[in-house]
2 protein chains.
Amino acid sequence: MSVESLSALDRSTLRERSLEALRAAILSGRYRPGDHLGEVELAGSLGVSRGTVREALRHLQQEGLVTAGTRGMLRVNSLTPAEVHELFRVRAALEALAVREVVASPRREAAAAALRAAVEQLTDEAEPAARMEADLAFHLQLCRLSGNSMLVEAWQRLEGRMRVAILDGADRQAPMMARERHVPIVEAIERGDAEAAVRVVDAHMSDAAEHFAAPSRPA
Amino acid sequence: MSVESLSALDRSTLRERSLEALRAAILSGRYRPGDHLGEVELAGSLGVSRGTVREALRHLQQEGLVTAGTRGMLRVNSLTPAEVHELFRVRAALEALAVREVVASPRREAAAAALRAAVEQLTDEAEPAARMEADLAFHLQLCRLSGNSMLVEAWQRLEGRMRVAILDGADRQAPMMARERHVPIVEAIERGDAEAAVRVVDAHMSDAAEHFAAPSRPA
DNA sequence: CCGCTGTCGACTGTCGCCAGTCCACACCAG
DNA sequence: CTGGTGTGGACTGGCGACAGTCGACAGCGG
């Protein structure tokens, strides 16, 4: 029943490690959408007390990976196709702001270079999880380069939900993560053509929503 | 030292009541930015245990009203002028998406009517706090009418920070909350002119950022 | 007078426990 | 056989206490 033993080697708090372990367990599919996450069971699995698990669960709840059911019980959350579409539209709005700010920034040259580097990490051969990481890293980098901390935070709050949506439709994720999909964004930024970049991002997000909204696990 | 006694009359949990009380205490200025929020002190003030206060504080931390300082201690957060600008730019992006979706919605007529009603709540005479509430209610309503739940959630995550920013510059908030500032948005939506509505929202947010970014409380 | 050190205090991290509540299931009366 | 009932189990809500850690301050040596 053990999720994964918490190595007590690093200096972070138990709460942080538990949070990380829980998030990884959910994202890895160890717990499926709808599964009940009992505090006592998790406390036993993680080797920590209930209170510690509680805080981690509350955090995941705010992240949207976990939702409250009957009697305050928490279950692994899943997204409806409609929610996936909504999610990607919000993401598109945020990233559109990001590209506009990057283009308008005096550090546009350096930003474009950094994005070039991030795009190179999008390998076409790695396993799905690694591809997703590289893809998310690119988009997060894009937000970071805008220099807008509030934007970064808002984007990161969507990240958990995006991961579940992407992993749910992992069978068809390959084309979305391709390097060719991201290069045009960087090129438009390099040209200083914000509107073109926004259009590319919008189209990219729209396609992605279409791909990942398909209910692959009827559960 | 008592923040405010929690009436044990309603049916909500202690955690929720504590959270509400704490948020109100911070937003009301009972605690100033930078103030240390001790778990034991708050527990005593609220008449609940430390664990309960802890969870409420963690929630406020994610809301951005509270930030972690040395040794995990939590302090009331404040926003730099730059952050206020960033905040309103993100908000503008989200509300622009909202108006686009409202205009594109088949329920546009009904939505416009609901916004008309919300605009009427923007009285020019009430006290600052009430004006802010009406203003935020209008904008939240706008997001809700988009029917995009992810958008609503993203917006609400900014709400706490917006409140602190607005209250910090409450001395000059009056013009921003005026009804005339919001009527054009509704009118553009009624006309079905999404781009015009977006421009109005953008301008509104830009002005607001300018107003509320002024450091009024040098602390 | 200045710097180092040891001790004290305060605060958070974490834990185990008790209480309240809801659900499921067995049981019994009709 | 069916419906109401009661009882047991499981789960979360909430609490008090212990332990670890860091900062402040007084005291001592140079």
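A note on names: the letters A, B, ... follow the listed sequences, proteins ahead of strands, and every chain is numbered from 1.
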**Prompt:** Just to confirm, is there a sub-4.0 Å distance from OP1 or OP2 of D:dC15 to any side-chain nitrogen or oxygen of B:Thr52?
**Reply:** yes
**Message:** Check this one for me: any side-chain N or O of B:His36 less than 4.0 Å away from OP1 or OP2 of C:dT12?
**Reply:** yes
**Prompt:** In terms of heavy-atom contacts, does CZ of B:Arg107 have more than 12 from other residues, nucleotides or ligands at under 6.0 Å?
**Reply:** no
When we call it a touch if two heavy atoms are under 4.0 Å apart, what does [X] touch: a base, just sugar-phosphate, or nothing?
| X | value |
| --- | --- |
| B:Arg58 | sugar-phosphate |
| B:Gly38 | sugar-phosphate |
| B:Arg15 | sugar-phosphate |
| A:Leu37 | sugar-phosphate |

Determine yes or no for a side-chain-to-main-chain donor-acceptor pair under 3.5 angstrom, with [X] supplying the side chain and [Y] the backbone.
| X | Y | value |
| --- | --- | --- |
| B:Asn77 | B:Thr67 | no |
| A:Arg50 | A:Ala43 | no |
| A:Glu39 | A:Arg54 | no |

**Prompt:** Does the C:dG13 base have a donor-acceptor partner in the side chain of B:Arg50 within less than 3.5 Å?
**Reply:** yes
Would you mind reading off the distance between [X] atom [atom1] and [N] atom [atom2], rounded to a whole angstrom?
| X | N | atom1 | atom2 | value |
| --- | --- | --- | --- | --- |
| B:Leu19 | D:dG14 | CG | P | 12 Å |
| B:Met73 | C:dA10 | CE | P | 12 Å |
| A:Leu74 | D:dG13 | CG | C1' | 12 Å |
| B:Arg71 | D:dC22 | CZ | P | 6 Å |
| A:Arg54 | D:dG14 | CZ | P | 7 Å |
| A:Glu39 | D:dC11 | CD | P | 10 Å |
| B:Leu14 | D:dC15 | CG | C1' | 11 Å |
| B:Glu16 | D:dG14 | CD | C1' | 14 Å |

**Fill in**
Of B:Val40 and A:Gly51, the one whose closest nucleotide on DNA chain C sits nearer the 5' end is B:Val40
**Message:** If you assign each of A:Ser49 and A:Thr70 to its closest nucleotide in DNA chain C, which residue comes earlier from the 5' end?
**Reply:** A:Ser49
**Asked** Between which residue ranges does DNA chain D form stems of three or more consecutive Watson-Crick or G-U wobble pairs, both distances under 3.5 Å?
**Response** C:1-30 with D:1-30
**Request:** Give the intermediate values and the outcome of salt bridge (charged side-chain N to carboxylate O under 4.0 Å, His left out) for residues B:Glu153 and A:Arg161.
**Result:** CA-CA 12 Å; B:Glu153 281 187 35; A:Arg161 285 187 160 96; 2.8 Å; yes
**Prompt:** Do B:Arg58 and B:Glu55 pass the salt bridge (charged side-chain N to carboxylate O under 4.0 Å, His left out) test, and can you show the C-alpha distance, the side-chain angles, and the key distance before you say yes or no?
**Reply:** CA-CA 5 Å; B:Arg58 287 274 140 73; B:Glu55 290 194 28; over 6 Å; no
**Prompt:** Between B:Asp207 and B:Arg181, does a salt bridge (charged side-chain N to carboxylate O under 4.0 Å, His left out) hold up when you go through it step by step?
**Reply:** CA-CA 10 Å; B:Asp207 285 356; B:Arg181 295 246 176 197; 2.8 Å; yes
